[in-house]
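Counting from 1, the numbers follow the sequence of the chain as shown.
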Amino acid sequence: MQLRSLRAAVSATASLAAVAGFMAVMAAPSPARADEGMWTFDNFPIQTVNDKYGTRIDQAWLDRVRNAAVRIQGCSASFVSDEGLILTNWHCVVGCSQELSSPEQDYVKNGFLTANREEEKRCPGQTAEVLVDIVDVTDRVLGAGAGLEGAAFNAARTAETNNIQTEACAGDAKFSCQVISFYRGGRYAMYKFRKYDDVRLVFAPENQAAFFGGDPDNFNFPRYALDAGFLRAYEDGQPVATPNFLKWNPNPPKEGDVTFVAGNPGSTSRLLTMSQLERLRDQQLPVTLIQNSELRGRLLEYSLTGDEAKRLSFDPIFGLENSFKVFYGQQGALTDPAFMGAKREAETELRARVAADPSLVQQIGDPWGELERVQATARDLFLPVRQLEQAAGGGSTLYAMARSIVRASKDTTMTDARRARLVAMVGAETPIATDMEEIRLRYWLSKTREYLTVDNPQVKALLGRESPEGLADRLISNTRMGDAAFRAQAAAMTTAQLAEADPLLAFVIANDDAAKAIGDRWAAEVNAPTARAAEKVAQARFAVYGANLYPDATFSLRLSYGQVAGWTYRGVTVPPFTYMGGLYERATGAEPFNAAQAFIDNESRVNKDTVFDFTSTNDIIGGNSGSPVINADGEVIGAAFDGNIHSLGGSYGYDGELNRTVTVSTAAITEALRNIYPQPRLLEELGVR
């Protein structure tokens, strides 16, 4: 999930319009100012932080934090005990809560509480990864593509990347290895992770406690959200021994205290060129906003049809509403003249300094011109590749698994080990709501017809003589893909056998060649030349500004630094803390401002002076959800779950005066575990008396 946060007195609409202007101060690509930066652990500015905040951070401190930081599916987390206990956000485990739920027992609505280890339940598909090694492989990756173009370039890079990953993990299933691009291709590193596949849900509060205020409060502050959850890593049926963990500090921070956030920010685009930003602004973001808005409307309409529909659609709607605000904020940044003007000025400065160095010009040529030409191609290919390949299926789980099986059946290079992993993945028991599947498939088919037009050959091939609604109903009603045992069998079939075995598989087979063809064109004509040109831009940045730069986010482990602080905007000062008593004052009894039942039942026991949520100047983005917020002593003092309204354009820039991280405090989590959802065994494990 993305992160979310503004004072109720400040208009969200006015704030969104101003987001980009506030961040124009950081547009120039000089070394990071203020508390800006999502730094890699092998290039963290230790001296800068120690000089600014009077801390004593050293390599040993960094290593302890790195070994306690955890990457889970789409989110961040941390070990907080020596028995594999993991702290993250509720919204990072709500998918698990929903998958474990049933019409009779709704763990999203009622919360998930455990009295002992035996009651901890495995989260389908969840993993926990700890970064154990970083190796620079830039020369190997860049060398693999030397002198090649298009598909040949992509193939050579992919082959070398796979070789590096295979060598690093050496066939040990306990590890996963990933070659990650940094600085838009200026550097490559192999990240090796210790991986745990058995991750179980330990604790999750009621959704109304974790997401009090709902979408209106999302990306705003003050907040009164207990957005926290606990998982546990297991191996061989036993909790994992984790001697590297963050000590739990149940006390709230003070204003001005230094804070560190260790997590996996998903993606930023601060190093994109003007031509790339303009295409995002003019094409990609508008289409994404329009389509997400319509899908949200369809799911909201479905949610009103009954209690079970409301339960099943809760998490998808939550995700859509959250991402819609993110994209809206990004669009606001890219349509702000001041922000784009500052970006253009920064690019002009860099290009001028490159032009003044003949040897550098000879080395890199004109990568900005190359990227401008690529954008013209991207504009032509974007809608077909989006509808037929990138967004195919509209988010349908059944369609996605069917396509994975079909493509595996045609892959002549697939090893037995990869086939076994596919069988295990698609053969896992996964709750699937057929109503939701049909809504998503129907939506995708109708939007593909709308955007590519009725007479498009691929649209004709998709629909034949059927309507999007009729086709979606026929495929979902008759497919056997909802049966995990059938999926496992299908993963071992030939393409011809698949076509005979199931209508959804047959549908994918009939249309997959065209989808893959447009995907291959995008890879060869957009991705490959973009990668080559971006590498040259990165070389220019290194040559002009040096190596003291942080890279764009890539869902890889980073560390940001900052301090507990509020902010002032248009004369309104927003304090950095909320208190648990404020929730009861804010509650109206009507959704989404109705207090959770456990909070109501235990109001007399709650210490209302406990710090609930707080804000800090840390630089974060989506993917940082669940990241531990750490004090100078290396203790965890909260879990980051949001950003304020001014951070919505954070993909493109950071403003230390206004951008804020929003965190649920360990003080509030401790109070909840003690007096709202009594969990004495967790408190004992956390070392809290």
Side-chain angles (χ1 to χ4, degrees), residues 2-6 10-38 183-184 219-220 265-289 323-353 368 371-372 375 534 537 541 544-545 549-553 560 562 567-570 572 617-622 643-661:
Q2 297 283 348
L3 289 156
R4 321 173 272 277
S5 263
L6 200 186
V10 180
S11 164
T13 303
S15 300
L16 285 167
V19 163
F22 304 146
M23 295 188 303
V25 296
M26 61 67 57
S30 55
R33 292 168 285 227
D35 294 330
E36 177 185 347
M38 305 169 198
Y183 305 99
R184 299 282 161 181
F219 287 112
N220 284 286
S267 176
T268 56
S269 302
R270 297 178 185 180
L271 300 181
L272 292 185
T273 64
M274 286 303 299
S275 63
Q276 292 174 298
L277 292 173
E278 287 166 350
R279 191 182 69 80
L280 282 175
R281 177 195 66 195
D282 298 339
Q283 185 185 47
Q284 186 169 323
L285 282 172
V287 170
T288 302
L289 279 166
S323 62
F324 183 86
K325 277 192 173 180
V326 172
F327 293 132
Y328 184 52
Q330 291 178 356
Q331 185 73 351
L334 297 185
T335 54
D336 183 271
F339 177 74
M340 291 296 276
K343 279 284 189 182
R344 191 178 303 280
E345 182 180 343
E347 183 172 301
T348 300
E349 179 199 343
L350 176 58
R351 296 178 70 169
R353 293 180 66 171
W368 294 274
L371 287 168
E372 288 172 8
Q375 300 321 301
V537 173
R541 288 180 179 276
V544 172
Y545 302 115
L549 304 168
Y550 66 90
D552 265 329
S560 71
W567 72 98
T568 298
Y569 172 60
R570 293 185 178 176
V572 177
T617 61
N618 295 85
D619 189 4
I620 62 171
I621 200 75
N644 65 356
I645 204 77
H646 306 290
S647 71
L648 279 171
S651 183
Y652 310 112
Y654 171 84
D655 176 7
E657 295 298 317
L658 293 166
N659 283 30
R660 295 293 180 266
T661 290

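- Atom CD of Q284 sits about 11.0 Å away from atom CG of L277, to the nearest 0.5 Å.
- Take T268 and apply the side chain to side chain donor-acceptor pair (under 3.5 Å) test, not counting sequence neighbours, and it matches D552.
- Ring-plane geometry between W567 and H646 is classed as perpendicular, the angle between the planes exceeding 60 degrees on a 0 to 90 degree scale with a lower cut at 30.
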Quiz item: Given the rule in the side-chain contact (heavy atoms from CB on, under 4.5 Å) test, do M274 and M340 qualify, once you have shown the distances and angles that lead to the verdict?
Solution: CA-CA 8 Å; M274 286 303 299; M340 291 296 276; 3.7 Å; yes
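- The main-chain N or O of K343 is never found under 3.5 Å from a side-chain atom of E347 such that the two would form a donor-acceptor pair.
- Atom CG of L334 and atom OG of S651 lie 8.0 Å apart (nearest 0.5 Å).
- S275 pairs by the side chain to side chain donor-acceptor pair (under 3.5 Å) definition with T273, not counting sequence neighbours.
- Atoms OG1 and CD, on T617 and E36 in that order, are 11.5 Å from each other to the nearest 0.5 Å.
- Partners of R279 according to the salt bridge (charged side-chain N to carboxylate O under 4.0 Å, His left out) rule, which considers only residues two or more places apart in sequence or in another chain, do not exist here.
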Quiz prompt | side-chain contact (heavy atoms from CB on, under 4.5 Å) between L549 and L271, worked out | solution = CA-CA 11 Å; L549 304 168; L271 300 181; over 6 Å; no
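- With sequence neighbours excluded, no residue satisfies side chain to side chain donor-acceptor pair (under 3.5 Å) with E372.
- Here R353 pairs with E349 under the salt bridge (charged side-chain N to carboxylate O under 4.0 Å, His left out) rule; sequence neighbours left out.
- Interatomic distance, CD1 of I620 versus CG of N659, reported as 9.5 Å (0.5 Å rounding).
- For the pair L280/L272, a side-chain contact is recorded, criterion being any heavy-atom separation below 4.5 Å from C-beta on.
- Shown here for P265 and A553, the closest heavy-atom pair between the two residues is O-CB, 3.5 Å.
- For Y183, the ring-ring contact (aromatic ring centres under 6.0 Å, His included) criterion is met by F542, not counting sequence neighbours.
- In this structure, the separation between OG on S323 and OH on Y328 is 15.0 Å, given to the nearest 0.5 Å.
- For the atom pair Y550 OH and M38 CE, the distance stands at 6.5 Å (nearest 0.5 Å).
- At distances below 3.5 Å, not a single donor-acceptor pair connects side-chain atoms of Q330 with backbone N or O atoms of L648.
- Sparse packing is recorded around CD of E657, with 12 or fewer heavy atoms of other residues, nucleotides or ligands lying under 6.0 Å away.
- The minimum heavy-atom distance between A333 and G649, with the atom names listed, is CB-CA, 4.2 Å.
- Put simply, the side chain of N644 gets close to the backbone of L658: a donor and an acceptor are under 3.5 Å apart.
- Partners of A534 by side chain to side chain contact (heavy atoms under 4.5 Å, CB included), not counting sequence neighbours, listed by chain and number: R184.
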Exercise. Please step through side-chain contact (heavy atoms from CB on, under 4.5 Å) for the pair D619 and T661, ending with a clear verdict.
Key: CA-CA 7 Å; D619 189 4; T661 290; over 6 Å; no
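- With sequence neighbours left out, the side chain to side chain donor-acceptor pair (under 3.5 Å) criterion links S267 to no other residue.
- A salt bridge between R660 and D35 is absent, with no side-chain N of the basic residue lying under 4.0 Å from a carboxylate O of the acidic one.
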